[in-house]
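Here the structure is laid out as structure tokens; the discussion comes afterwards.
Note on naming: letters A, B, ... go to the chains in the order of the sequence lines (proteins, then strands), and numbering restarts at 1 for each one. Side-chain atoms are counted along with the backbone in the values below, which use heavy atoms only and exclude waters and symmetry mates.
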Protein chains: 4
Amino acid sequence: MASSLPCVVAPLSSSSSCFGSLPRELCGSSPSLLPTRAWTSQNLQVRATGNTFGNFFRVTTFGESHGGSIGCIVDGCPPRIPLSEADIQADLDRRRPGQSRMTSTRKETDTCKIYSGVYEGVTTGTPILISVPNTDHRGSDYNQVSLAYRPSHADATYDMKYGVRAIGGGGRSSARETIGRVASGDIAKKLLKEFSRTEVLAYVSQAHEVVLPEHLVDQESVTHEQIESNIVRCPDAGYADKMIAAIDAARVTGDSVGSVVSCIVRNAPRGLGSPVFDKLEASLAGALLSVPAAIGFEFGSGFTGTRLTGSQHNDEFYLDGHGRIRTRTNRSGGIQGGISNGEIINMRVAFKPTPTIGRFRS
Amino acid sequence: MASSLPCVVAPLSSSSSCFGSLPRELCGSSPSLLPTRAWTSQNLQVRATGNTFGNFFRVTTFGESHGGSIGCIVDGCPPRIPLSEADIQADLDRRRPGQSRMTSTRKETDTCKIYSGVYEGVTTGTPILISVPNTDHRGSDYNQVSLAYRPSHADATYDMKYGVRAIGGGGRSSARETIGRVASGDIAKKLLKEFSRTEVLAYVSQAHEVVLPEHLVDQESVTHEQIESNIVRCPDAGYADKMIAAIDAARVTGDSVGSVVSCIVRNAPRGLGSPVFDKLEASLAGALLSVPAAIGFEFGSGFTGTRLTGSQHNDEFYLDGHGRIRTRTNRSGGIQGGISNGEIINMRVAFKPTPTIGRFRS
Amino acid sequence: MASSLPCVVAPLSSSSSCFGSLPRELCGSSPSLLPTRAWTSQNLQVRATGNTFGNFFRVTTFGESHGGSIGCIVDGCPPRIPLSEADIQADLDRRRPGQSRMTSTRKETDTCKIYSGVYEGVTTGTPILISVPNTDHRGSDYNQVSLAYRPSHADATYDMKYGVRAIGGGGRSSARETIGRVASGDIAKKLLKEFSRTEVLAYVSQAHEVVLPEHLVDQESVTHEQIESNIVRCPDAGYADKMIAAIDAARVTGDSVGSVVSCIVRNAPRGLGSPVFDKLEASLAGALLSVPAAIGFEFGSGFTGTRLTGSQHNDEFYLDGHGRIRTRTNRSGGIQGGISNGEIINMRVAFKPTPTIGRFRS
Amino acid sequence: MASSLPCVVAPLSSSSSCFGSLPRELCGSSPSLLPTRAWTSQNLQVRATGNTFGNFFRVTTFGESHGGSIGCIVDGCPPRIPLSEADIQADLDRRRPGQSRMTSTRKETDTCKIYSGVYEGVTTGTPILISVPNTDHRGSDYNQVSLAYRPSHADATYDMKYGVRAIGGGGRSSARETIGRVASGDIAKKLLKEFSRTEVLAYVSQAHEVVLPEHLVDQESVTHEQIESNIVRCPDAGYADKMIAAIDAARVTGDSVGSVVSCIVRNAPRGLGSPVFDKLEASLAGALLSVPAAIGFEFGSGFTGTRLTGSQHNDEFYLDGHGRIRTRTNRSGGIQGGISNGEIINMRVAFKPTPTIGRFRS
């Protein structure tokens with residue numbers, strides 16, 4: 001019969017942890033308990049770990065909490081685009097934990113530096129290395145991590161696959177990995193804006209059970225400033241307050257909540273995406289499900305749209321005043337047949353409640 | 001001011017269509033109305049159209065309704081695997097429209113033939129070409145398609161991007177393209193079963209507003225035979241009847257409905273997927289959103305899971321009787337940190353109501 | 001001490017072959033002699049076999065001599081390009097063995113058919129399946145192949161890697177695989193010509209020890225017709241005769257000779273290729289070394305250029321009458337810093353003597 | 001008629017340069033003279049610049065002489081491999097110019113640092129960032145470069161393609177880019193040695209007209225120490241002296257010479273490479289032609305082998321004392337049918353004389 005192993009599921013920061021009292025052998029990393037793969041010259045295998053994304057605008061991220069630095073290389077940025085560390089720093093500051101009580105309370109001072117690909121203030125068309133030093137990489141907060149698998153983290157699967165524990169804050173599964181995504185995304189947004197006046201905006205549309213009604217956000221006109229006007233980044237002030245209250249309610253009991261982030265793309269060029277396997281929605285879904293903690297993706301009418309009939313769901317075409325083909329509704333979310341049609345691309349990503357919590361599961 | 005163009009939005013098979021009365025120039029394909037890209041030697045551009053999928057087991061699909069044949073090449077199938085046309089035909093027969101009133105009433109007799117990669121009944125490790133002839137490729141049913149963009153189809157976006165109308169049944173956006181997916185998927189399922197006893201099962205879990213309650217399906221034990229026991233492929237007989245009734249109700253009014261398909265993977269090897277961009281869920285989401293009409297993807301707890309707290313959502317670890325790390329619950333859907341953990345992988349895909357309907361939008 | 005195994009090195013068609021007299025166990029395919037990999041459910045591994053080439057214009061080839069057909073899928077051909085089977089057939093006829101005594105005497109009637117991607121005489125932008133049936137796929141000529149590894153063929157390495165003998169004419173290592181290359185190359189040449197008046201020409205510049213002096217071919221003006229004017233495809237009639245004599249001399253003794261093929265690209269657009277790993281010469285070298293029997297590649301001055309000094313080798317720039325940057329010499333072979341500079345791209349590929357010979361090694 | 005533009009071809013460091021006397025407009029960067037691409041929001045295009053190599057062991061290099069640092073990210077290194085900066089530094093020291101009079105006299109102190117992917121002296125399986133700071137990146141030595149295209153450099157083609165001059169030492173075309181290759185290659189060599197005792201050795205086998213006879217090097221036994229025993233890295237002391245004399249003869253006149261580098265791989269696993277497009281020789285040729293200044297590649301018998309007949313060229317099989325299939329000769333260079341056969345892989349790469357010279361072309 002299966003034997004329970006409570007220490008393995010002990011939450012990270014519990015003061016009543018069994019780590020101290022149980023022998024290490026029972027706490028998760030012992031070969032006798034775990035089918036950890038041993039690397040020897042016999043079974044040594046080289047395996048790429050999926051840190052590169054994209055073909056034309058190609059991003060490779062690197063770094064973990066315990067190393068010297070963290071960041072990315074951007075390959076494929078055209079030359080002669082003005083770019084400075086200050087541009088990128090603004091978005092990194094938005095990402096940084098510890099800005100408000102809504103997020104992780106870790107203190108990170110993430111100051112980026114560009115080491116290549118920019119000369120005299122403009123890009124040169126060569127790879128751009130952006131790096132943020134890890135000012136505090138002792139990993140002391142996470143020492144106990146080496147003893148047990150944290151539930152619903154990457155600890156167990158990393159160990160199964162690589163035979164390496166998620167040291168020093170989760171290794172590549174740490175949310176700190178997203179520094180490279182934010183820095184490269186900042187450059188991408190700048191290019192899209194210059195190339196086609198394309199704007200990408202995202203906001204929180206659900207926190208725990210507080211769901212922002214869709215009609216409260218006008219996708220044509222919502223602004224970055226409205227989204228940034230509160231600490232939960234919901235463009236509606238009233239619902240922002242409700243979300244903050246819901247998060248606070250969980251937070252004071254040492255718990256976390258799930259959420260949904262809505263993303264819209266305005267002025268997306270027509271013709272993005274390809275038929276069959278490289279449909280635009282397939283690329284977007286693949287990209288967004290790679291964000292840590294993402295567990296769902298939908299665009300246009302999404303899961304709700306499954307409750308409609310074809311006659312209710314179809315988007316009627318018309319010619320606008322400029323002779324452009326448009327649709328009167330946008331249940332297709334700006335994508336038809338795998339290709340953007342010029343309407344606003346909209347999508348929603350579900351995030352699980354962060355598994356790093358300060359209390360036992362009841 | 002925007003001028004309405006009713007003929008463009010006329011449904012395909014409406015008897016009151018405006019196609020006959022309006023001049024062709026107003027119906028969608030005129031250069032004066034449409035920003036159709038003209039291909040000349042000046043702007044000729046070569047663009048891959050995304051018909052290849054996968055790195056190790058690599059599938060390239062080809063064919064459209066109006067051509068000579070349709071099918072796929074599978075590259076990466078190991079040698080010495082028994083494989084016959086009959087194996088593949090069984091799944092093609094399941095795919096074929098016209099099996100019941102639940103699906104398109106088009107008559108297709110899809111008989112596959114293997115042209116390479118198999119010798120004396122076993123694979124040789126070389127590319128396997130599987131082809132199904134198009135027995136009726138006059139495209140006569142779709143003649144009117146050349147006149148107007150069908151709403152929520154690929155007609156408009158294909159024309160915007162390629163300057164080619166979706167002739168003869170939708171070209172590559174036709175559901176007939178999935179013949180290549182089914183044939184290659186059949187080989188993949190066979191390999192997975194032999195390699196690791198991995199089973200992949202999918203069933204309809206929602207049709208229009210009829211939602212199959214999750215607890216009615218035991219993911220550990222549900223069988224292919226249970227799923228195949230009714231024409232809507234829902235493993236619960238009672239809910240299958242309700243779904244059939246819902247589809248019939250729409251069908252008799254010339255309408256269609258949306259749906260959700262659930263998919264489970266049993267005995268998936270641990271360690272599939274990679275950290276960061278190549279997470280297993282990212283690959284699955286990208287693959288499944290490439291299926292025609294897919295508009296949403298979730299795994300594990302999915303969108304519903306966003307309403308939980310971390311303490312409710314975390315999956316507790318334990319050691320089973322064989323000394324294997326397991327989780328007591330499976331809200332992670334078999335994937336943690338982007339890597340399979342050995343539990344059942346489960347996911348759901350939302351499909352929009354098929355836009356090809358026999359009535360006007362009310 | 002090493003034991004000799006003469007039967008393994010017996011040439012294919014030798015009448016004094018040991019195949020008949022030696023037991024099969026000693027002739028190459030016995031598990032006791034060969035470290036052939038056995039495929040079981042334990043060590044089953046899926047491995048792509050490299051049959052796809054290119055990103056924008058992407059070719060996947062399939063087929064072997066013993067299967068039903070052989071050919072390719074071309075993905076990425078733009079729409080609205082006129083294309084017929086007759087276009088492709090012309091180049092397939094040039095490829096076909098048995099045209100003259102210079103080549104293999106196998107009889108092949110390679111009649112191609114297009115099964116997808118072309119509608120009413122023009123491409124549709126979707127994958128183009130081109131297939132040639134194997135009219136004679138009994139493999140009877142090659143029955144003895146199953147008994148021994150032919151020297152310097154792919155037999156041994158295919159068996160080491162795949163555990164599958166090169167049945168029916170060499171499987172994918174057969175020169176017949178190049179049918180897919182020729183058919184797709186024909187489309188590529190057509191596109192290049194339309195897009196940028198780019199011309200690709202190749203001719204035999206060495207056969208055995210007969211070396212065509214470079215100054216006898218004017219790369220600016222040499223024509224397809226000059227190349228096609230003789231059976232060895234050397235544009236200089238005198239040297240063509242010498243090459244034919246050299247090949248004949250080897251042929252009558254049942255032997256074969258090595259050769260060099262020169263290739264020039266006129267009107268190549270400037271700017272092809274990328275710095276660092278995707279240099280144009282790197283892509284060309286990788287492509288050309290994938291041609292069966294290729295054993296060397298050089299461009300511009302090549303191996304001969306290593307004997308020059310920098311001052312002798314550098315190509316002087318000047319502005320031509322149209323204000324275009326040109327070089328007075330072209331030792332760079334049209335490529336500088338990995339990027340085409342608008343001069344004629346020239347390269348040479350070395351081919352080993354075909355290992356399929358009718359006599360013992362002396 | 002074409003007008004000559006002498007200043008464009010003036011060598012870099014010539015004291016009689018015309019840079020000072022000609023107006024800048026005539027010296028290369030003027031829009032009226034050069035078809036430089038202007039980047040505007042209209043024609044802005046994103047283009048990957050080919051800085052990533054490999055699929056399993058994937059290397060991305062970054063950096064140019066004028067930036068903050070230069071180096072690489074290695075993705076796909078397995079975990080638990082001991083790795084230190086000292087390991088890599090040894091090979092970087094071998095690469096560094098200024099070690100002897102044989103190489104560029106630039107002074108570079110290239111001290112590497114590992115910023116990620118290594119923890120407590122062993123790899124973690126995550127991306128390894130290796131970076132070397134540019135201690136002197138004023139680019140003052142190269143100021144004149146901004147004025148004219150250096151002959152047979154990347155200056156002109158970079159400008160044609162990217163509209164960016166090769167500033168500060170050649171940008172990505174600088175030999176300094178190879179720092180990232182050397183650092184990642186060092187890790188690759190370490191893995192190969194541990195995995196399969198595979199050794200990779202390279203030595204100079206030709207300098208200008210001094211050609212090392214093949215029989216003077218025993219590929220089975222030649223050692224790293226023999227190669228390193230002299231400043232030109234030729235394992236034969238006598239020929240090393242001749243090569244040094246040849247280089248010196250050119251050097252004192254401000255000139256450079258071409259060369260050939262031979263590379264051997266001992267204990268390469270059997271079965272590397274795939275049929276058709278991914279043949280091992282195709283991958284090797286593509287990789288090696290991406291090295292700056294490489295203009296030719298051959299393996300096995302190479303161009304010389306074209307002068308043999310099939311009966312002379314074929315490699316006879318035999319079984320060695322351990323029952324292993326071997327070949328008595330190795331004209332195939334360890335590769336047959338695109339797949340390694342276990343014999344020594346040998347190849348040669350031709351390098352043009354470095355175009356950066358200190359004198360006019362006579």
Region of C:Ser340 that comes under 4.5 Å of a non-hydrogen atom in chain D: backbone
C:Ala207, part contacting chain D, at a heavy-atom distance under 4.5 Å: neither
Residues which pass salt bridge (charged side-chain N to carboxylate O under 4.0 Å, His left out) with C:Arg326, listed by chain and number, not counting sequence neighbours: C:Asp320, C:Glu343
Most contacts with chain D, counted as non-hydrogen pairs under 4.5 angstrom, among C:Arg348, C:Lys352, C:Glu281: C:Glu281
C:Thr309 side chain to D:His208 side chain, donor-acceptor N/O pair below 3.5 angstrom: no
Region of C:Val210 that comes under 4.5 Å of a non-hydrogen atom in chain D: neither
Contact class of C:Leu272 relative to chain D, heavy atoms under 4.5 angstrom: backbone
Backbone N/O of D:Gly310 and side chain of C:Asp255: donor-acceptor pair under 3.5 Å: yes
Heavy-atom pair count under 4.5 Å with chain D, highest-scoring of C:His322, C:Gln336, C:Met347: C:Gln336
Residue part contacting chain D, namely of C:Phe351, when any heavy atom lies under 4.5 Å: backbone
Where C:Val276 and D:Gly50 come nearest, the two heavy atoms and their spacing: CB-O, 3.7 Å
Most chain D-contacting option - heavy-atom pairs closer than 4.5 Å, from C:Ile335, C:Thr178, C:Ile339, C:Val211: C:Ile339
Distance-only polar pair, side chains of C:Arg172 and C:Thr61, donor-acceptor under 3.5 Å: yes
Segment of C:Gln206 engaging chain D (4.5 angstrom heavy-atom cut-off): side chain
Residue part contacting chain D, namely of C:Thr354, when any heavy atom lies under 4.5 Å: backbone
Pair D:Ser301, D:His313: side-chain N/O donor-acceptor within cut-off below 3.5 Å: yes
Selection from D:Gly302, D:Ser152, D:Gly286 maximising heavy-atom pairs under 4.5 Å formed with chain C: D:Ser152
Partner set under side-chain contact (heavy atoms from CB on, under 4.5 Å) for C:Ser205, not counting sequence neighbours: C:Tyr203, C:Leu212, C:Val260, C:Ser262
Residue among D:His153, D:Arg181, D:Glu177 with most heavy-atom pairs under 4.5 Å to chain C: D:Arg181
Residue pair D:Cys72 / D:Phe62: nearest heavy atoms and the distance that separates them: N-CE2, 3.2 Å
Between D:Thr60 and D:Asn51, a side-chain donor and acceptor under 3.5 Å: no
Option that, when pairs with chain D are counted at under 4.5 Å, heavy atom only, ranks first among C:Ala293, C:Gly342, C:Ser332, C:Ser259: C:Ser259
D:Ala294, part contacting chain C, at a heavy-atom distance under 4.5 Å: backbone
Portion of C:Thr327 that has a non-hydrogen atom of chain D nearer than 4.5 angstrom: neither
Pairs of heavy atoms under 4.5 Å with chain D: top-ranked of C:Ala285, C:Ala287, C:Gly300, C:Ser283: C:Ala285
Test log, rule side-chain contact (heavy atoms from CB on, under 4.5 Å), inputs C:Leu280 and C:Ile345: CA-CA 10 Å; C:Leu280 182 56; C:Ile345 297 173; 3.8 Å; yes
Which of C:Gly337, C:Gly338, C:Ser256, C:Gly273 touches chain D most, by non-hydrogen pairs under 4.5 Å: C:Ser256
Side chain to side chain, C:Phe299 and C:Leu284, heavy atoms closer than 4.5 Å: no
